[in-house]
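One structure below.
Note that the structure is a prediction, hence the values are computed from the model and not measured. For the numbers below, each heavy atom of this structure counts, side chains included, while hydrogens, waters and symmetry mates do not.
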Amino acid sequence: ESPSRSPHIAILPTPGMGHLIPIAELAKFLVSHHGFSVTFITFAESASNAQQAFLDALPSTITSIKLPPVPLSDLPSGTAIETLISLASLRSLPALRSILLDLQKSTNLVAFIADLFGADTFDVAKELQIPPYMFFPSNLLLLSLLLHLPDLDTKMTCEFKDLPTPVELPGCVPIPGTEILQPLQDRSNECYSWMVHHGRKYREATGIIVNSFSDVEPEAAKIFSQSPPGFPPVHLVGPLVQTGLPNVEGSECLKWLDEQPSGSVLYVSFGSGGVLTCEQTIELACGLEMSGQRFLWVIRSPSVKASDTYFSATSKQDPFSYLPEGFLERTKKFGLVVPSWAPQMQVLAHTATGGFLSHCGWNSTLESLSHAVPMIGWPLYAEQKMNAVMLSEGTKLALRLRPREDGVYGREEISRVVKELMEGEEGKKVRGRARELQAAAVKSVAYDGESCKTLGDLVEKWKKSVM
Ligand code: UDP
């Protein structure tokens, strides 16, 4: 039987909802607008309920195959997420090879796409003569850092946090060393070496597809559009944000929002993996209460590890028990606290939502600006601190909180910045900027917009390679 003529793409998303959501949007677009078919190759370890439900809900032209589980029990407990995911990719190469071989026989396989921790899989794709692409679910700032990292690594003699001046990447906002990507903060940790290794491997990609657009980081976009030597072509296709959302009518959050005045509510959430310490949870609660502003807070049980729910997004204990005495009672007229998870896209789309206190995850950022919602940056881990610097100093979409000397955000500061965002002059400025970025985002992905054209060119290239 001859394979059907539709072009086929194989995609390997590494674990994490923040990686899966935007790449699934790309897949849906290829299927619905260009008649492609797609196979997702997923890691057994990443099959959290949320991820499996998400994959199951995709159109039938997008199928998924699970890689066999790879043993990681030889790694010490406390091994960094980045190391775990990188090793899982490396140890899955033989299984990936046989899946790609099968797909080559049964489909018109035109490209293989891995994401930011999966660059080791390029070797297998290249051996099978399938062009390897990288899907980068973050921004040009982080991409630039990783592409330059092998050089920085040979030049640097200290830790990033001890650098006397901020790190300057071409066309990017200077980033103080302390705010640089978290897994690079300890050069003796294995995850640092993994990131240097990935940065080197990225250069082998046929192209790098980035979920950003030029209006959020115009200077960096200009630099990459001039094809800097030694780097693969970079294709800006963002913002890709979730569409075809599940029906959440009747959700407690949305019903509550329906009763609040337009633009009056601050949405507070730290992404799929973020958790605060006990102390920080109490400061946040007191700060919100002191601000007197309406809020919708997605709360998780505190932990000392900021990425504690990365693989599950659920709280381990009753998160409400960590709130200050009487907090829920005192704030029930103007606040709603929900455990673990909220339908974020619908919350941001709601007219009552007027601000977002956010961990600055890249998907959350794109979702916020797509709904013209200005932000307060409260970064926790991964590249979130870099994003917060860029969003406040470059893009000017976010206000920033200043930590106390012990690194904690105090209640007075939280209250001050929340009031500023919702009612102050600085708030007005970032709100205006959010509206501009929303308009630019709509334009970019619309027919004939920059991102739409870039993706169209890629599609043409892939279609041409079908025999
Ligand atoms: N999300 C959600 N509800 C929540 C928390 C997160 O729907 O309560 C979604 C959010 O809309 C976004 C993704 O999960 O699409 C989080 O991605 P992001 O890059 O912002 O952060 P990460 O979770 O990767 O840190």
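Of the residues listed (L149, L143, L145), the one engaging L147 in a side chain to side chain contact (heavy atoms under 4.5 Å, CB included) is L143, and it is the only one.
Looking at E426 and R433, no side-chain N of the basic residue comes within less than 4.0 Å of a carboxylate O on the acidic one, giving no salt bridge. Salt bridge annotation for K332-E329: present, with a cationic side-chain nitrogen under 4.0 angstrom from a carboxylate oxygen. E217 and K396 are not joined by a salt bridge, as no carboxylate oxygen comes within less than 4.0 angstrom of a charged side-chain nitrogen. Using a cutoff of 4.0 Å between basic side-chain nitrogens and carboxylate oxygens, R411 and E283 are scored as salt-bridged.
The aromatic rings of W297 and F295 sit perpendicular, their planes meeting at an angle over 60°, well past the 30° parallel limit. Relative ring orientation between F356 and Y267 is described as tilted, the plane-to-plane angle lying within the 30° to 60° band. Ring geometry for H148 against F231 counts as perpendicular: the plane angle is over 60°, on a 0 to 90° scale with 30° as the lower cut.
The OG1 atom of T353 lies 7.0 Å from the CG atom of L296; values are rounded to the nearest 0.5 Å. Between atom OG of residue S291 and atom CD1 of residue I414 there is a gap of 10.0 Å, rounded to the nearest 0.5 Å. Atom NZ of K161 is separated from atom OG1 of T178 by 10.0 Å, given to the nearest 0.5 angstrom. How far CG of D151 is from CE of M156: 12.5 Å, rounded to the nearest 0.5 Å.
A distance of 6.0 Å or more separates the ring centres of H197 and F117.
Applying the side chain to side chain contact (heavy atoms under 4.5 Å, CB included) test to T243 and every residue at least two apart in sequence or in another chain returns E25, K28. Checked against side chain to side chain donor-acceptor pair (under 3.5 Å), S451 has the following partners two or more places apart in sequence or in another chain: S444.
Residues K385 and Q182 have side chains not in contact (no heavy-atom distance under 4.5 Å, counting atoms from C-beta outward). Looking at V210 and I208, their side chains come closer than 4.5 Å, going by heavy atoms from C-beta outward.
A donor and an acceptor atom, one from each side chain of D120 and S89, are nowhere located under 3.5 Å apart. A donor atom on one side chain and an acceptor atom on the other are found under 3.5 Å apart for H350 and D258. Under the 3.5 Å distance criterion, with hydrogens and angles disregarded, a donor-acceptor pair is assigned to the side chains of Q344 and E367.
Heavy atoms only, all atoms of each residue included: C158 and L163 are closest at SG-CD2, 3.7 Å. Shortest non-hydrogen contact noted between E383 and S138 is OE2-OG, 2.7 Å.
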Checking R187 against D153 for the salt bridge (Lys or Arg N to Asp or Glu O under 4.0 Å) test, could you report, in this order, the C-alpha distance in whole Å, the side-chain angles of both residues, the deciding distance, and whether it holds? CA-CA 9 Å; R187 296 179 77 187; D153 178 55; 2.9 Å; yes

Could you check V338 against C253 for side-chain contact (heavy atoms from CB on, under 4.5 Å), going step by step and ending with a plain yes or no? CA-CA 8 Å; V338 296; C253 302; 3.9 Å; yes

Let me see the working for F136 and V234 under side-chain contact (heavy atoms from CB on, under 4.5 Å), right down to the final yes or no. CA-CA 10 Å; F136 201 73; V234 166; over 6 Å; no

